[in-house]
Amino acid sequence: MTEHTASPRLGADLPDRLLVVRAAEGDDDSFALLVQRHSRPLLALARCMLGNPQDAEEAVQDAFVSAWRRLPEYRHSAEFRTWMYRITVNRCLTMRRRRPPPLPLDIVAEPATDDAWSQPARTAEQDAATAALSRALAELDAGQRVCWILRELQSLPYKEIAHVTRTSEQTVRGRLFRARRSLQEAMGPWH
């Protein structure tokens with residue numbers, strides 16, 4: 001799907017629900033506006049889940065293509081945003097199962113800066129902490145990782161996470177509790 005910018009005349013202030021109806025009727029500009037509105041958070045989610053920007057872009061693009069094809073099935077029982085999170089999460093989980101794990105974050109060197117924070121010891125410590133967090137997240141089971149990313153990095157409410165993951169709010173809270181506990185134990189030396 002190519003990058004497409006909807007015209008301002010379409011109305012950036014129109015609610016998603018109306019844009020979805022128009023898009024389902026074949027209005028490409030309405031769907032382009034939905035893509036523009038929701039791409040950034042979905043890309044952030046996919047990057048966290050997949051560990052690399054190229055895979056994340058592919059997952060989100062595939063999610064939007066899937067959504068476009070499935071618009072006639074969309075029943076408005078959830079917000080469009082929630083529906084897109086669900087499609088994106090499912091696409092990311094499928095990609096994780098099919099591909100080898102991503103390179104750890106500590107392999108990629110950070111560019112040097114000239115400020116006081118760039119002291120070699122501090123940089124090495126930050127890199128090690130980032131690598132430890134990356135490994136700890138990778139060790140969580142998929143359900144815990146998805147819930148943690150959606151809550152802690154995307155700030156979704158428990159109810160919406162439950163809808164995205166097709167579980168109950170109680171299950172989401174349990175997964176978050178276990179994920180936080182595991183991450184806290186793994187990151188203990190870094191506190």
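- In this structure, Thr165 contributes its side chain and Ile161 its backbone to a donor-acceptor pair below 3.5 Å.
- Considering all non-hydrogen atoms of both residues, Ala59 and Arg91 come closest at O-CG, 3.6 Å.
- Residue Val35 comes nearest to Ser39 through the heavy atom pair O-OG, 2.5 Å, listed as atom of the first residue, atom of the second, then distance.
- In terms of modelled atom types and a separation under 3.5 Å, the side chain of Thr82 and the main chain of Ala78 share no donor-acceptor contact.
- Across all their heavy atoms, Ile149 and Cys48 have their closest contact at CD1-CB, 3.7 Å.
- Looking at Leu183 and Leu140, their side chains come closer than 4.5 Å, going by heavy atoms from C-beta outward.
- For the pair Glu25 and Arg22, the salt-bridge criterion is not met [side-chain N within less than 4.0 Å of a carboxylate O].
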CA sep, side-chain torsions, deciding dist, call: His163, Arg86, side-chain hydrogen bond (donor to acceptor under 3.5 Å, both in side chains): CA-CA 8 Å; His163 200 81; Arg86 181 183 303 157; 3.1 Å; yes

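- When hydrophobic clusters are built by joining Ile, Leu, Val, Met, Phe, Trp and Tyr residues whose side-chain heavy atoms come closer than 4.5 Å, directly or via intermediates, Leu18 is grouped together with Trp68.
- In this structure, CD in Glu169 is found 10.0 Å from OG1 in Thr171, a value given to the nearest 0.5 Å.
- Exactly one residue among Leu93, Asp55, Thr88 makes a side-chain contact (heavy atoms from CB on, under 4.5 Å) with Met49. That residue is Leu93.
- Aromatic ring pairs are classed by plane angle as parallel below 30°, tilted from 30° to 60° and perpendicular above 60°; the pair Phe80 and Tyr74 is perpendicular.
- Taking the charged nitrogens against the carboxylate oxygens, Glu152 and Arg180 do have a contact shorter than 4.0 Å, which makes a salt bridge.
- Listed here is the closest heavy atom pair of Arg47 and Pro53: CG-CA, 4.1 Å.
- Arg145 contributes a side-chain N or O that, together with a main-chain N or O of Leu137, makes up a donor-acceptor pair within less than 3.5 Å.
- Side chains of Trp83 and Val164 form no contact here, defined as non-hydrogen atoms less than 4.5 Å apart.
- Although no hydrogens or angles enter the test, the distance criterion places a donor-acceptor pair under 3.5 Å between the side chain of Arg178 and the main chain of Gly174.
- In this model, a donor atom of one side chain and an acceptor atom of the other lie less than 3.5 Å apart for Gln154 and Tyr85.
- Here Asp16 pairs with Arg37 in a salt bridge; the nearest charged N to carboxylate O distance falls below 4.0 Å.
- Both Leu43 and Leu153 sit in one connected hydrophobic cluster of ILVMFWY residues. Membership requires side-chain heavy atoms under 4.5 Å apart, directly or through other members.
- Within the 4.5 Å cutoff, the side chain of Phe31 has no heavy atoms near those of the Leu19 side chain.
- Cation-pi geometry between Arg151 and Tyr158 is met: the NZ or CZ atom falls under 6.0 Å from the ring centre, inside 45° of the normal.
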